Amino acid sequence: EVSMDMACVTEQFLGFLKEEEKSDATISKYVYELQMFLQFLGKKEIGKELLIQYRSHLSSLYRPQTVNGKLSAVNAYLRFMGLGEYRVKFLKVQRRAYIDEKRELTEKEYERLMDTAGRQGNYQLYYLMMTICSTGIRVSELRYVTVESVMEGKAEISMKGKYRIVIFPKNLAAELKAFARKNGIRSGSIFCTRTGRPLDRSNICHAMKKLCMKAGVMRDKVFPHNFRHLFARSFYAVEKNMAHLADILGHSSIETTRIYVAASVKEHERVLNRLKIGVIKKIPQNNHSVVQRSLMINHRSKNSIQYI
């Protein structure tokens with residue numbers, strides 16, 4: 001009976017999320033997080049104190065960003081149930097000053113992944129990685145990369161009530177046209193399954209992970225969103241325009257874009273080492289101290305001292 005109630009609530013919540021025009025990926029995540037919350041809840045009654053306990057429970061297991069993502073799902077459920085007064089505040093997360101170099105994909109690693117995909121004959125993955133890294137497009141937006149959009153040189157993307165245009169560089173468009181022509185793709189999505197359905201996130205992630213060992217790249221670094229990060233850093237290195245980059249990436253807040261292009265610790269150290277101020281190598285000796293050299297005794301008056 002309890003499982004049936006949970007299934008019924010989940011189904012209704014799913015409908016609520018669809019009405020709010022959440023993406024398929026967000027809906028899937030929120031439904032999963034709801035199930036985790038309901039398991040924690042058990043037979044207890046929902047209340048503010050219980051929600052704070054749940055936040056503490058999550059904080060002991062996950063990073064602040066992950067906790068906030070889970071709380072977003074719970075707060076959406078509370079709003080759906082008409083229990084908005086019980087919503088909990090997110091954990092405060094300080095903006096990262098530096099990127100985590102252990103998780104960011106480098107250009108050389110990208111080239112090794114591309115080379116491995118090409119050698120294995122996995123041309124669909126080869127051109128998919130090329131597309132993300134050349135445009136900064138989201139993995140959920142790849143279905144808009146169609147034969148028609150490539151012919152026009154741009155993809156018009158409409159998701160979550162937002163509209164933007166992704167431009168295909170000429171060399172990328174030429175490569176995608178050739179790929180589509182060679183594989184008999186005359187219309188619709190270029191990156192699709194054998195049955196003609198657009199590839200989903202799990203298909204893509206699984207295929208990318210399979211390249212890692214032969215490419216000599218850590219698995220933790222290889223996922224679709226990291227290719228988007230690499231595009232953002234490469235673009236910003238050439239065009240130092242944060243606002244323009246935010247528009248290209250489809251960010252509503254420029255603060256999100258700042259995370260993408262944060263400098264590494266090594267880069268920050270290189271800048272500091274180029275500075276000519278701060279460190280003085282020569283320490284004044286006692287018999288030639290700065291104070292003594294900064295004083296001049298006025299011979300006219302033995303008791304007067306003039307500072308220079």
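Please read these numbers as outputs of a predicted model, since none were measured by experiment.
- With rounding to the nearest 0.5 angstrom, the NZ atom of Lys154 is 5.5 Å from the CD atom of Glu156.
- At most 12 heavy atoms of other shown residues, nucleotides or ligands fall within 6.0 angstrom of atom CG in Asp24.
- Take Phe16 and apply the ring pair (Phe, Tyr, Trp, His ring centres under 6.0 Å) test, not counting sequence neighbours, and it matches Phe80.
- Tracing side-chain contacts under 4.5 Å through hydrophobic residues (I, L, V, M, F, W, Y), one never reaches Val238 starting from Val166; they form parts of separate clusters.
- At most 12 heavy atoms of other shown residues, nucleotides or ligands fall within 6.0 angstrom of atom NZ in Lys18.
- Within 6.0 Å of CE on Met151 lie no more than 12 heavy atoms contributed by other residues, nucleotides or ligands.
- In this structure, Pro198 and Phe191 have side chains that are not in contact, with every pair of non-hydrogen atoms separated by 4.5 Å or more.
- Contact check on Glu85 versus Arg79 returns no salt bridge, with no Lys/Arg side-chain nitrogen under 4.0 Å from an Asp/Glu carboxylate oxygen.
- The local environment of CZ in Arg119 is sparse, with at most 12 non-hydrogen atoms from other residues, nucleotides or ligands closer than 6.0 Å.
- A side-chain contact (heavy atoms from CB on, under 4.5 Å) with Glu109 is found for exactly one of Leu230, Val217, Asn226, namely Val217.
- Atom-to-atom distance recorded for Leu199:CG and Ile190:CD1 is 12.0 Å, nearest 0.5 angstrom.
- Residue Ser134 comes nearest to Leu172 through the heavy atom pair CB-CD2, 3.8 Å, listed as atom of the first residue, atom of the second, then distance.
- Side-chain contact between Arg55 and Leu71 is present, with heavy atoms from C-beta onward closer than 4.5 Å.
- Listed by first and then second residue, the side-chain hydrogen bond (donor to acceptor under 3.5 Å, both in side chains) pairs involving residues 66-75 are Glu33-Lys70 (not counting sequence neighbours).
- Note: Arg138 CZ to Tyr144 OH = 11.5 Å, rounded to the nearest 0.5 Å.
- Under the 4.5 Å side-chain heavy-atom criterion for ILVMFWY residues, no single connected hydrophobic cluster contains both Ile204 and Met218.
- A 4.5 Å side-chain heavy-atom check between Asn183 and Tyr123 finds every atom pair outside the cut-off.
- Distance NZ/Lys29 to CG/Leu17: 11.5 Å, rounded to 0.5 Å.
- Hydrophobic clustering (ILVMFWY, side-chain heavy atoms < 4.5 Å, transitive): Leu61 and Leu50 are in one cluster.
- Checked by atom type and distance alone, the side chain of Ser189 never pairs as donor or acceptor with a backbone atom of Cys192 at under 3.5 Å.
- Around the CD atom of Gln12, the shell of radius 6.0 Å holds more than 12 heavy atoms that belong to other residues, nucleotides or ligands.
- Every ring pair (Phe, Tyr, Trp, His ring centres under 6.0 Å) that Tyr77 has, sequence neighbours left out, goes to Phe13.
- Clustering of Ile, Leu, Val, Met, Phe, Trp and Tyr by side-chain heavy atoms under 4.5 Å joins Ile165 with Tyr163, Ile167.
- Within the 4.5 Å cutoff, the side chain of Tyr236 has heavy atoms near those of the Met242 side chain.
- Atom CG of Asn203 sits about 11.5 Å away from atom CE of Met208, to the nearest 0.5 Å.
- Using a 4.0 Å cut-off between charged side-chain N and carboxylate O, Glu111 and Lys108 make no salt bridge.
- Here the two rings, on Tyr54 and Phe37, have centers that are under 6.0 Å apart.
- Atom-to-atom distance recorded for Glu141:CD and Ser158:OG is 10.5 Å, nearest 0.5 angstrom.
- Within 6.0 Å of the NZ atom in Lys240, the count of heavy atoms belonging to other residues, nucleotides or ligands exceeds 12.
- Under 3.5 Å, the side chains of Ser59 and Ser56 contain no donor-acceptor pair of N or O atoms.
- For His251 and Thr257, the side-chain atoms include at least one donor-acceptor pair closer than 3.5 Å.
- Put simply, the side chain of Tyr126 does not reach to within 4.5 Å of the side chain of Thr116, judged on heavy atoms.
- For His57, the ring pair (Phe, Tyr, Trp, His ring centres under 6.0 Å) criterion is met by Phe40, not counting sequence neighbours.
- For Glu107, the CD atom counts as loosely surrounded, since its 6.0 Å shell holds 12 or fewer non-hydrogen atoms of other residues, nucleotides or ligands.
- In Lys48, the NZ atom is crowded: over 12 heavy atoms of neighbouring residues, nucleotides or ligands sit closer than 6.0 Å.
- At least one side-chain heavy atom of Pro224 sits less than 4.5 Å from a side-chain heavy atom of Cys205.
- Asp220 and Phe223 make their closest contact through O-CE2, 3.2 Å (heavy atoms, listed as atom of the first residue, atom of the second, distance).
- Closest approach of Ala215 and Leu113 over heavy atoms only: CB-CD2, 3.8 Å.
- Between Leu14 and Ile27, some side-chain heavy-atom pair lies under the 4.5 Å cut-off.
- For residues 181-203, the set of pairs meeting the salt bridge (charged side-chain N to carboxylate O under 4.0 Å, His left out) definition, not counting sequence neighbours, is empty.
- A heavy-atom distance below 4.5 Å is found between the side chains of Ile248 and Phe231.
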